[in-house]
Amino acid sequence: NLASDTEKNSTGDADTDNEHSDTGNNEECININTSDTERLCLLPGVGPGLAEKIVTFRQQNGTFKGEDDLLKVKGIGTAKLGQFQSRICF
């Protein structure tokens, strides 16, 4: 069945490459709890230094539950969060 083959990857799981592509590739949701520094740098206003702080904070404190948790990361205030909050998911 061709439809089944295109909807599943080689392990038989649903293909997750386009998990959040319903808003288009440029507006893809970036999971703040699972993304590495390289992926976090795709967020507006987030460079390598801030991405590293996010990952370090997550490793030391556990997963982010919501946007308020991100405000605990040094370098993220309400203005910075506003730059990328529409692009993140948890």
Side-chain angles (χ1 to χ4, degrees):
N1 178 327
L2 182 59
S4 294
D5 291 342
T6 58
E7 292 174 359
K8 295 186 176 189
N9 62 24
S10 60
T11 62
D13 295 331
D15 185 5
T16 57
D17 288 345
N18 295 321
E19 183 176 301
H20 301 287
S21 64
D22 54 278
T23 57
N25 289 340
N26 292 334
E27 296 300 319
E28 183 177 304
C29 171
I30 294 179
N31 190 312
I32 206 78
N33 287 314
T34 59
S35 296
D36 59 13
T37 55
E38 184 177 330
R39 186 149 174 82
L40 290 171
C41 286
L42 297 174
L43 292 168
V46 177
L50 185 54
E52 187 59 42
K53 289 178 184 177
I54 293 169
V55 170
T56 299
F57 186 92
R58 184 177 71 206
Q59 290 170 341
Q60 294 175 348
N61 299 284
T63 58
F64 295 98
K65 306 288 189 250
E67 294 170 356
D68 287 344
D69 286 344
L70 279 169
L71 295 173
K72 298 173 185 173
V73 177
K74 186 174 177 145
I76 299 180
T78 53
K80 178 66 75 178
L81 180 60
Q83 291 179 342
F84 61 79
Q85 74 185 124
S86 67
R87 297 275 317 276
I88 60 172
C89 51
F90 298 89

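Quick caveat: nothing in here was measured; it's all calculated off a predicted structure.
When side chains are defined from C-beta on, Leu70 counts as touching Phe90, because their heavy atoms get closer than 4.5 Å. Annotation: side chain of Arg87 is not in contact with side chain of Cys29 (no heavy-atom distance under 4.5 Å). Considering only heavy atoms from C-beta on, Asn31 stays 4.5 Å or farther from Ile88 through its side chain. Between Val46 and Ile76 there is no side-chain heavy-atom pair separated by less than 4.5 Å.
Distance check: Asp68 CG to Leu81 CG gives 8.5 Å after rounding to the nearest 0.5 Å. The line from CD1 of Ile30 to CG of Leu43 is 4.0 Å long, rounded to the nearest 0.5 Å. Interatomic distance, Phe84 CZ to Glu67 CD, rounded to the nearest 0.5 Å: 8.5 Å. Rounding to the nearest 0.5 angstrom, the gap separating the CG atom in Leu42 from the CZ atom in Arg39 is 6.5 Å.
Taking each heavy atom of Cys41 and Gly47 in turn, the nearest pair found is SG-C, 3.5 Å.
Counting only N and O atoms by type, the side chains of Thr78 and Lys80 include no donor and acceptor under 3.5 Å apart.
The backbone N or O of Ile32 lies less than 3.5 Å from a partner atom in the side chain of Arg58, making a donor-acceptor pair. Between the side chain of Asn33 and the main chain of Thr63, no donor-acceptor pair closer than 3.5 Å is present.
The salt bridge (charged side-chain N to carboxylate O under 4.0 Å, His left out) test applied to Lys72 returns Asp69, not counting sequence neighbours.
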